[in-house]
Q: 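Questions regarding the structure given below will be posed in turn.
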Amino acid sequence: MREVSGERIASAVRDLFLQANYDLPEEAVQALRSALERERQPTARSVLETLLRNAEIARRDRMAMCQDCGLAVVFAELGRDCHLDGDLYAAVDEGVRQAYATGYLRKSALADPLQRNSNTGDNTPAIVHVRLVEGDRLTLHAAPKGGGSENMSALWMLSPSAGRAGVVERIVERIVEAGGKPCPPLVLGIGLGGTFEKAALLAKEAVLRPLGQPSAEPEVAELEREILQRVNATGIGPMGLGGDTTALAVHVQRHPCHIASLPLALNVQCHAARHKTAVL
């Protein structure tokens with residue numbers, strides 16, 4: 001049985017949120033470069049070049065790549081043979097508190113959703129999801145989630161008769177409705193199946209997958225390709241100014257569900273697919 005202290009968790013969470021806000025993942029940088037090579041519209045090319053330049057400056061000067069430094073979301077995978085010395089949630093909040101203070105990152109957490117002047121002042125509490133796994137390690141995934149893209153996310157409880165075609169249509173309709181609001185080019189996390197709450201969690205987890213890595217299930221990977229093609233054919237383009245690149249990637253995760261249900265969730269992520277991982 002390994003033991004992990006609360007102090008170590010807080011330190012790791014602090015570093016993860018600083019890195020996530022400063023360093024655009026390399027696969028996202030490569031996806032933007034590839035999109036720039038394919039893009040035919042001059043305005044869209046200019047936007048993609050600006051996004052790449054912005055990411056370069058943020059990494060070099062240790063500055064947040066976006067003014068919206070996000071609500072702190074953490075996925076924790078806790079090994080069955082790992083003992084925590086202290087409270088996991090308190091340790092995560094302490095790490096978030098330290099990161100957003102020392103990094104001069106914008107604090108966006110409200111204590112009361114209906115009281116807009118109730119900012120908690122330190123971007124806590126974090127949203128923490130815990131899953132038990134085999135082993136003696138604690139794996140932490142930190143994902144600052146910006147409000148602009150999050151607001152364009154959606155959840156549907158479709159009739160099973162909607163089928164595959166209905167799933168594709170709902171996603172494309174939602175992205176057309178969103179237009180430039182979520183700051184495209186986007187990364188789309190899609191949860192298919194489960195229950196009302198499981199579908200939403202699947203969609204959020206899907207965004208954490210290395211950008212552009214297709215599903216290991218061939219039929220799901222084909223669904224991802226079709227949705228990506230349909231979304232990019234809308235012509236919304238980078239920042240909604242028109243072009244060939246509305247989305248960089250589509251990630252679908254599915255789960256068994258009730259015979260009477262077809263839950264579908266979409267978690268929209270802007271090009272700044274911010275997430276970092278540490279194994280303790």
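Numbering of residues begins at 1 and proceeds along the displayed sequence.
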Q: Can you check side chain to side chain donor-acceptor pair (under 3.5 Å) on His141 and Glu77, steps first, answer last?
A: CA-CA 9 Å; His141 306 278; Glu77 297 169 11; 3.0 Å; yes
Q: Do Ser108 and Asp68 come within less than 4.5 Å of each other through their side chains, counting heavy atoms only?
A: yes
Q: Taking all non-hydrogen atoms of both residues into account, name the closest pair between Ala199 and Leu155 and its distance.
A: CB-CD1, 4.1 Å
Q: Which pair of non-hydrogen atoms, one from Gly193 and one from Leu202, has the smallest distance, and what is that distance?
A: O-CD1, 4.3 Å
Q: Are Leu266 and Leu188 close enough, and set up right, to give a side chain to side chain contact (heavy atoms under 4.5 Å, CB included), and what steps lead you there?
A: CA-CA 7 Å; Leu266 168 66; Leu188 304 181; 4.0 Å; yes
Q: Please report the shortest heavy-atom distance between Met152 and Ala178, naming the atom on each side.
A: SD-CB, 3.6 Å
Q: Treating Ile, Leu, Val, Met, Phe, Trp and Tyr as nodes and any side-chain heavy-atom pair under 4.5 angstrom as an edge, say whether Val96 and Leu18 lie in one connected cluster.
A: yes
Q: State plainly whether the residues Glu27 and Arg209 are in salt-bridge range, i.e. N to O under 4.0 Å.
A: no
Q: Side chains of Arg174 and Arg170: closer than 4.5 Å at any heavy-atom pair?
A: no
Q: Check whether any side-chain heavy atom of Leu84 lies under 4.5 Å from a side-chain heavy atom of Ile9, and answer yes or no.
A: yes
Q: Kindly indicate, with the supporting measurements, whether the criterion salt bridge (charged side-chain N to carboxylate O under 4.0 Å, His left out) is fulfilled by Asp85 and Arg2.
A: CA-CA 10 Å; Asp85 179 18; Arg2 288 183 65 255; over 6 Å; no
Q: Could you report the tightest heavy-atom contact between Cys69 and Tyr100, atom names first, then the distance?
A: O-OH, 2.8 Å
Q: Are Tyr22 and Leu16 linked, directly or through intermediate hydrophobic residues, by side-chain heavy-atom contacts shorter than 4.5 Å (ILVMFWY only)?
A: yes
Q: Clusters formed by hydrophobic residues whose side-chain heavy atoms approach within less than 4.5 Å: which one holds Val29, and what are its other members?
A: Leu24, Leu32, Leu36, Val47, Leu48, Leu51, Leu52, Met65, Val187, Leu211, Met239, Leu241, Leu248
Q: So which heavy atom on Ala76 is nearest to which on Leu140, and how close?
A: CB-CD2, 3.9 Å
Q: Compare all side-chain heavy atoms of Asn123 with those of Arg97 and state whether any distance is below 4.5 angstrom.
A: no
Q: Using 4.0 Å as the upper bound for N to carboxylate O, is an ion pair formed by Arg164 and Glu226?
A: yes
Q: Before you tell me yes or no, could you show the steps for Gln41 and Thr43 under side chain to side chain donor-acceptor pair (under 3.5 Å), namely the whole-Å CA-CA distance, both residues' side-chain angles and the distance that decides it to 0.1 Å?
A: CA-CA 6 Å; Gln41 304 298 323; Thr43 301; over 6 Å; no
Q: Heavy-atom count check: over 12 atoms from other residues, nucleotides or ligands less than 6.0 Å from Met157 CE?
A: yes
Q: In sequence, state the C-alpha distance, the side-chain angles, and the governing distance for Thr277 and Leu208, and then conclude on side chain to side chain contact (heavy atoms under 4.5 Å, CB included).
A: CA-CA 10 Å; Thr277 297; Leu208 299 180; over 6 Å; no
Q: Shared ILVMFWY cluster between Val220 and Val172, side chains joined below 4.5 angstrom?
A: yes
Q: Can a salt bridge be assigned to the pair Arg45 and Asp244 using a cut-off of 4.0 Å between side-chain N and carboxylate O?
A: no
Q: Which pair of heavy atoms, one from Ala249 and one from Gly212, lies closest together, and at what distance?
A: CB-N, 3.7 Å
Q: If hydrophobic clusters are built from ILVMFWY residues whose side chains come within less than 4.5 Å, do Phe75 and Val130 share one?
A: no
Q: When you look at Ser11 and Arg14, which way does the side chain to side chain donor-acceptor pair (under 3.5 Å) test go after all the steps?
A: CA-CA 5 Å; Ser11 175; Arg14 178 198 64 209; 3.3 Å; yes
Q: Would you say that more than 12 heavy atoms from the other residues, nucleotides or ligands in this model lie under 6.0 Å from the CZ of Arg60, or not?
A: yes
Q: Is the shortest distance from a Lys or Arg side-chain nitrogen in Asp122 or Lys107 to a carboxylate oxygen in the other one below 4.0 Å?
A: no
Q: Please assess Glu3 against Arg8 for the test salt bridge (charged side-chain N to carboxylate O under 4.0 Å, His left out), listing each intermediate value before the final yes or no.
A: CA-CA 10 Å; Glu3 186 162 294; Arg8 191 177 178 195; over 6 Å; no
Q: Apply side chain to side chain contact (heavy atoms under 4.5 Å, CB included) to Lys198 and Thr195, showing your working.
A: CA-CA 5 Å; Lys198 180 67 175 179; Thr195 55; 3.4 Å; yes
Q: Begin with the C-alpha distance, continue with both residues' side-chain angles, and end with the deciding distance and a verdict on side chain to side chain contact (heavy atoms under 4.5 Å, CB included) for Leu78 and Arg131.
A: CA-CA 6 Å; Leu78 178 60; Arg131 184 163 65 93; over 6 Å; no
Q: Just by distance, do the side chain of Thr246 and the backbone of Gly237 share a donor-acceptor pair under 3.5 Å?
A: yes
Q: Testing the 3.5 Å rule here: is there a donor-acceptor pair between the side chains of Glu150 and Asn267?
A: yes
Q: For a side chain to side chain donor-acceptor pair (under 3.5 Å) check, start with the C-alpha distance between Asn21 and Arg274, then their side-chain angles and the critical distance, and finish with the verdict.
A: CA-CA 7 Å; Asn21 273 287; Arg274 297 174 291 193; 3.3 Å; yes
Q: Could you tell me if the side chain of Pro144 sits less than 4.5 Å from the side chain of Leu71, heavy atoms only?
A: no
Q: Please determine whether the number of non-hydrogen atoms from other residues, nucleotides or ligands lying under 6.0 Å from atom CD of Gln229 exceeds 12.
A: no
Q: Please answer: with hydrophobic residues joined when any side-chain heavy atoms are less than 4.5 Å apart, are Val268 and Leu223 in the same cluster?
A: yes
